[in-house]
Amino acid sequence: VGPDPLRGRVCVVTGATSGIGLETARGLAAQGATVVLGARDAQRGEEAQADIHATTGSGDLHVALGDFARLRDVRTFAEGVLGRFPRVHVLVNNAGVLMGRRVVTEDGLELTFQVNYLSHVLLTRLLLGRLGASAPSRIVNVASEASRRGALNLDDLQLEQGWTSFRAYTRSKLANIAFTYELARRLEGTGVTVNAAHPGLVSTGWTRHAAPVMRAVFTLAKPFVLSASKGADTIVWLAGSPDVEGRTGGYYHKRGAIRSNPAAYDEAAQRRLWDLSERLAARSGPLPRVPDAVRASQA
Ligand SMILES: NC(=O)c1ccc[n+]([C@@H]2O[C@H](COP(=O)([O-])OP(=O)(O)OC[C@H]3O[C@@H](n4cnc5c(N)ncnc54)[C@H](OP(=O)(O)O)[C@@H]3O)[C@@H](O)[C@H]2O)c1
């Protein structure tokens with residue numbers, strides 16, 4: 001591996017229009033990667049592209065569009081990436097929301113669950129064949145230490161009972177980690193690694209849809225929180241550093257492995273979450289099987 005391990009590598013970042021995703025994309029571009037900027041709005045995507053170009057000089061930035069509150073948009077997003085890039089080496093599943101009220105999407109799913117978790121499961125599945133064909137390749141799931149306060153709630157994934165903003169958010173981030181562990185096991189030996197990261201408490205726009213009380217708490221905490229580029233550091237490191245070459249199934253903060261909420265290690269729960277997620281994501285169409293799709297791409 002040369003001094004610039006990301007040079008020439010194709011990296012897809014969801015939610016690259018603001019906060020941690022924007023700074024992750026900038027960090028990857030600064031290291032010479034080809035970066036695909038996930039955006040739900042074309043103008044915001046172009047603004048992110050112009051902003052990153054201005055600070056890094058990179059001309060290798062591409063916008064991919066999709067609203068992750070719609071499963072069919074995730075499919076269009078994936079088709080766009082697969083159509084344009086014969087190789088995909090890194091997928092950063094970052095887009096996320098903290099909602100102030102329970103919203104049900106047109107797919108009939110609770111929005112926090114869908115955007116933060118299920119749409120990324122679907123995207124990962126759709127890109128896995130290409131990631132496999134491009135191995136060694138890496139997936140980074142942006143989780144949160146908020147997951148420590150969450151429960152998977154497998155009997156009520158849509159939180160029809162007792163929805164709160166906090167419960168929905170912490171559950172989605174715990175699901176990100178449980179999915180990371182299960183996927184890592186299924187991808188063993190394929191050259192595709194998957195890890196989760198906690199960026200730290202970061203000053204971004206993520207509380208903008210949250211209830212006023214939650215926004216007030218974050219306004220008070222502002223002097224103590226990290227900049228978005230500091231928050232992106234561990235994610236960029238997991239995406240490209242030789243330090244973690246071949247490492248998989250971990251959860252990281254400040255460039256170090258940490259333990260997660262014990263609930264995420266429960267393998268029976270991971271499998272059940274996998275099966276339930278598969279069924280929900282398949283509402284939008286067939287899903288490539290794991291690891292069969294990856295192995296087939298490597299045959
Ligand atoms: N901030 C923190 O302290 C913190 C701590 C731990 C973990 N995290 C995690 O870090 C990740 C990024 O959050 P952030 O703090 O950077 O928040 P942010 O500034 O609000 O950025 C969120 C990104 O996700 C995108 N997004 C939201 N809804 C979407 C949808 N329906 N479809 C497609 N994209 C959508 C946003 O797009 P728009 O620009 O169009 O809104 C934006 O690019 C999240 O997964 C969050 O859970 C954050």
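For ligands, and for the atoms within them, numbers begin at 1 and follow the listed sequence.
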Counting non-hydrogen protein atoms only, what is the nearest one to [atom]? Give residue, atom name and distance.
atom: atom 41 (O) of ligand 1; value: Arg208 NH2, 2.6 Å
atom: atom 15 (O) of ligand 1; value: Thr204 OG1, 2.6 Å
atom: atom 19 (O) of ligand 1; value: Ser18 OG, 2.7 Å
atom: atom 17 (O) of ligand 1; value: Trp206 CB, 3.2 Å
atom: atom 35 (C) of ligand 1; value: Arg40 NE, 3.8 Å
atom: atom 1 (N) of ligand 1; value: Val202 O, 3.1 Å
atom: atom 22 (C) of ligand 1; value: Gly96 O, 3.6 Å

**Q.** Cation-aromatic face contact Arg279/Trp274, 6.0 Å, 45 degrees
**A.** no
(Q) Is the positively charged end of Arg259 above the ring of Tyr265, judged by distance under 6.0 angstrom from the centroid and angle within 45° of the axis? (A) yes
Close-contact set for ligand 1 against [X] heavy atoms, below 4.0 Å:
X: Tyr169; value: 7 (C), 8 (N), 9 (C), 46 (C), 47 (O)
X: Leu201; value: 3 (O)
X: Gly15; value: 23 (C), 24 (O), 25 (C), 42 (C), 43 (O)
X: Arg44; value: 38 (P), 39 (O), 40 (O)
X: Val97; value: 27 (C), 28 (N)
X: Asp67; value: 30 (C), 31 (N), 32 (N)
X: Ala143; value: 6 (C), 7 (C)
X: Gly19; value: 16 (O), 19 (O)

**Q.** Ser144 N/O to ligand 1 N/O under 3.5 Å
**A.** no
Q) Is there any N or O on Phe68 that sits under 3.5 Å from an N or O of ligand 1? A) yes
Q: Evaluate ring-ring contact (aromatic ring centres under 6.0 Å, His included) for Phe77 paired with Phe68, printing each intermediate quantity in order.
A: CA-CA 9 Å; Phe77 182 101; Phe68 277 41; 5.4 Å; yes
Q) Evaluating non-hydrogen atoms only, which member of Thr112, Ile20, Asn94 is closest to atom 11 (C) of ligand 1? A) Asn94
Q. When you measure from atom 4 (C) of ligand 1 to each heavy atom in Ala25, Gly200, Ala39, which option holds the nearest one?
A. Gly200
Q. With Leu128, which of Leu123, Leu91, Leu183, Val88 fulfils side chain to side chain contact (heavy atoms under 4.5 Å, CB included)?
A. Leu183
Q.
Out of the candidates Gln114, Arg72, Arg283, only one should pair with Asp107 under the side chain to side chain donor-acceptor pair (under 3.5 Å) rule; please name it.
A. Gln114
**Q.** Straight-line distance of Leu109 CG to Leu159 CG, nearest 0.5 Å
**A.** 12.0 Å
Is it true that atom [atom1] of [X] has more than 12 heavy atoms of other residues, nucleotides or ligands lying nearer than 6.0 Å?
X: Arg289; atom1: CZ; value: no
X: Arg149; atom1: CZ; value: no
X: Glu106; atom1: CD; value: yes

Q. Tell me, do Asn261 and Ile177 make a side-chain contact under 4.5 Å, heavy atoms counted?
A. no
Q. Just wondering, do Leu126 and Val81 contact through their side chains at under 4.5 Å, heavy atoms?
A. no
**Q.** contact_flag Ala48 ligand 1 heavy-atom lt 4.0 Å
**A.** no
